[in-house]
Amino acid sequence: LKELERDSLKIISSPRGNISPNKDFKITANTPIVTVDKSAISIQNKDSIPVEFTSKFNEKDNSIEISFEKKESQRYNITMLPKTITDFYGQANDTLKYSLATKADKDYGNISVILENVTSYPIILQITDDKEKVLFEKYITEPKPVYNFYSIDPGNIFLRLIYDKNKNGKWDTGNYLKNLQPERIIYFKDKIELRANWDREFDFNVK
């Protein structure tokens with residue numbers, strides 16, 4: 001093992017270019033993150049005014065989630081100074097700079113979902129693209145009259161519901177040896193076409 005070459009620290013950011021008002025900026029590393037120096041991170045808007053933020057380390061996917069208030073038609077510059085991130089091997093980042101922009105509110109669409117015949121909770125209500133990539137999701141522990149999703153990029157989207165039987169916040173596959181079935185997924189019957197500045201409402205009968 002001592003003769004194996006160590007992986008060099010590589011950092012991937014998401015999203016790139018445009019950021020939705022209700023999405024967080026995310027930094028993911030290829031090697032285990034050990035420390036994060038929040039004081040070495042700064043955010044400024046297009047007028048060079050500092051923007052307050054919070055950061056959270058997500059051990060599950062070895063990432064740092066940076067949350068801040070986003071206003072429409074704005075640009076944000078994020079700077080991470082050297083040694084903001086240190087990994088398991090003692091490697092640290094060089095200076096990292098990212099630029100993100102928000103669109104005008106009218107450039108997005110919104111949808112409201114009314115659920116019918118849900119048999120148990122908790123559930124996970126998701127919006128996906130045509131490749132089943134999750135764009136938005138809500139973890140629901142009790143019924144409500146309506147569930148709203150805001151600031152969605154125009155395009156074709158899909159709705160699905162997951163019965164989170166083991167209450168761990170994600171979909172789980174089955175286990176043959178333990179005689180466990182995969183957690184049940186129910187898809188909304190139609191593809192949803194969403195355009196800019198649209199508000200649409202859907203009755204999702206999951207019976």
Side-chain angles (χ1 to χ4, degrees), residues 12-28 43 45-46 51-56 58 60-61 63-78 98-118 121-164 168-172 183-207:
I12 300 172
S13 64
S14 176
R16 298 182 182 182
N18 292 324
I19 186 169
S20 172
N22 47 16
K23 289 284 188 179
D24 292 333
F25 180 64
K26 191 173 184 178
I27 293 290
T28 306
I43 304 176
N45 64 19
K46 63 183 179 183
V51 176
E52 293 187 2
F53 67 93
T54 59
S55 64
K56 180 178 70 173
N58 189 337
K60 179 178 165 183
D61 61 358
S63 68
I64 303 164
E65 297 171 358
I66 299 175
S67 304
F68 57 96
E69 182 183 2
K70 303 163 198 70
K71 298 181 179 179
E72 64 173 318
S73 304
Q74 183 61 267
R75 180 166 292 278
Y76 298 95
N77 297 308
I78 302 173
Y98 305 96
S99 183
L100 300 169
T102 55
K103 301 177 183 178
D105 290 343
K106 65 180 181 180
D107 293 330
Y108 296 105
N110 308 307
I111 70 169
S112 299
V113 182
I114 298 171
L115 294 177
E116 300 175 0
N117 295 311
V118 176
Y121 291 87
I123 57 174
I124 305 170
L125 183 60
Q126 296 179 330
I127 295 177
T128 73
D129 62 15
D130 54 4
K131 296 180 181 178
E132 297 201 33
K133 177 184 176 182
V134 177
L135 304 177
F136 298 91
E137 71 175 23
K138 290 183 182 292
Y139 192 72
I140 301 168
T141 58
E142 59 185 18
K144 292 183 179 179
V146 64
Y147 302 93
N148 297 307
F149 294 87
Y150 300 107
S151 302
I152 306 170
D153 283 319
N156 294 324
I157 57 175
F158 300 82
L159 271 175
R160 69 183 181 192
L161 178 145
I162 300 170
Y163 281 106
D164 187 22
N168 67 349
K170 64 179 183 178
W171 178 77
D172 290 284
E183 289 182 324
R184 189 178 176 201
I185 302 177
I186 301 173
Y187 289 86
F188 186 65
K189 60 181 180 178
D190 299 318
K191 174 179 67 177
I192 298 172
E193 180 186 4
L194 188 65
R195 298 184 182 181
N197 209 26
W198 274 21
D199 293 288
R200 300 192 65 184
E201 183 176 286
F202 299 92
D203 293 321
F204 187 0
N205 189 336
V206 300
K207 187 175 181 180

Would you name the heavy atoms of [X] and [Y] that are closest together and state the gap between them?
X: Ser151; Y: Ser20; value: O-OG, 3.2 Å
X: Leu100; Y: Pro15; value: CD2-O, 3.5 Å
X: Ser112; Y: Asn148; value: OG-OD1, 2.7 Å
X: Tyr108; Y: Ile19; value: OH-O, 3.6 Å
X: Ser63; Y: Thr28; value: CB-OG1, 3.7 Å
X: Ala101; Y: Arg75; value: CB-NH2, 3.7 Å

Next on the checklist: Within a 6.0 Å radius of atom NZ on Lys56, are there more than 12 heavy atoms belonging to other residues, nucleotides or ligands?
Outcome noted: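 Atom NZ in Lys56 is not packed in, count stays at 12 or less.
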Item to check | Over 12 non-hydrogen atoms of neighbours within 6.0 angstrom of CD in Glu69 | outcome: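 No.
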Next on the checklist: Holding to side-chain hydrogen bond (donor to acceptor under 3.5 Å, both in side chains), I want the full list of residues that pass it with Lys26, two or more places apart in sequence or in another chain.
Outcome noted: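 Once residues adjacent in sequence are excluded, the partners of Lys26 under the side-chain hydrogen bond (donor to acceptor under 3.5 Å, both in side chains) criterion are Asp61.
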Item to check | Test applied, side chain to side chain contact (heavy atoms under 4.5 Å, CB included); reference residue, Asp129; option that passes from Asp153, Leu135, Ile157 | outcome: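 Exactly one candidate clears the test, Leu135.
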Approximate separation, where rounding is to 0.5 Å, of [X] [atom1] and [Y] [atom2]:
X: Leu159; Y: Asp190; atom1: CG; atom2: CG; value: 10.5 Å
X: Thr128; Y: Glu137; atom1: OG1; atom2: CD; value: 11.5 Å
X: Lys46; Y: Ser73; atom1: NZ; atom2: OG; value: 6.5 Å
X: Asp107; Y: Ile152; atom1: CG; atom2: CD1; value: 14.0 Å
X: Asn156; Y: Lys191; atom1: CG; atom2: NZ; value: 4.5 Å
X: Leu125; Y: Leu161; atom1: CG; atom2: CG; value: 6.0 Å

Next on the checklist: Set out, in order, the CA-CA distance, both residues' side-chain angles and the distance that settles side chain to side chain contact (heavy atoms under 4.5 Å, CB included) for Asp164 and Tyr139, then state yes or no.
Outcome noted: CA-CA 9 Å; Asp164 187 22; Tyr139 192 72; 2.8 Å; yes
Checklist entry - Residues in ring pair (Phe, Tyr, Trp, His ring centres under 6.0 Å) with Tyr76, at least two apart? => result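 Partners of Tyr76 by the ring pair (Phe, Tyr, Trp, His ring centres under 6.0 Å) criterion, ordered by chain and then number, come out as Phe68.
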Checking the side chain of [X] only, and the main-chain atoms of [Y] only, is there a donor and an acceptor separated by less than 3.5 Å?
X: Asn45; Y: Gln74; value: no
X: Ser13; Y: Ile27; value: no
X: Lys70; Y: Lys23; value: yes
X: Gln126; Y: Val134; value: no

In the structure I gave you, are the side-chain heavy atoms of [X] and [Y] within less than 4.5 Å of one another anywhere?
X: Ile123; Y: Leu115; answer: yes
X: Tyr121; Y: Thr141; answer: no
X: Ile43; Y: Phe25; answer: no
X: Tyr163; Y: Glu183; answer: no
X: Ile127; Y: Ile111; answer: yes

Next on the checklist: Run the side chain to side chain contact (heavy atoms under 4.5 Å, CB included) test on Tyr98 and Arg16 for me, step by step, so that the C-alpha distance in whole Å, both residues' side-chain angles and the decisive distance to 0.1 Å come before the verdict.
Outcome noted: CA-CA 8 Å; Tyr98 305 96; Arg16 298 182 182 182; over 6 Å; no
Checklist entry - Looking at Ser55, Ser14, Ser67, which hits side chain to side chain donor-acceptor pair (under 3.5 Å) with Asp24? => result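 Option passing the side chain to side chain donor-acceptor pair (under 3.5 Å) with Asp24: Ser67.
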Would you tabulate the side-chain donor-acceptor contacts of residues 200-207 under 3.5 Å, counting partners in other chains and residues two or more places apart, or write 'none'?
residue: Arg200; atom: NH1; partner: Glu193; partner atom: O; Å: 2.7
residue: Asn205; atom: OD1; partner: Asn117; partner atom: ND2; Å: 2.9
residue: Asn205; atom: OD1; partner: Lys207; partner atom: N; Å: 3.0

Next on the checklist: side chain to side chain contact (heavy atoms under 4.5 Å, CB included), that's the test. Do Ile124 and Trp171 meet it? Break it down for me.
Outcome noted: CA-CA 8 Å; Ile124 305 170; Trp171 178 77; 5.8 Å; no
Item to check | Trace of the side chain to side chain contact (heavy atoms under 4.5 Å, CB included) decision for Glu72 with Lys106 | outcome: CA-CA 9 Å; Glu72 64 173 318; Lys106 65 180 181 180; over 6 Å; no
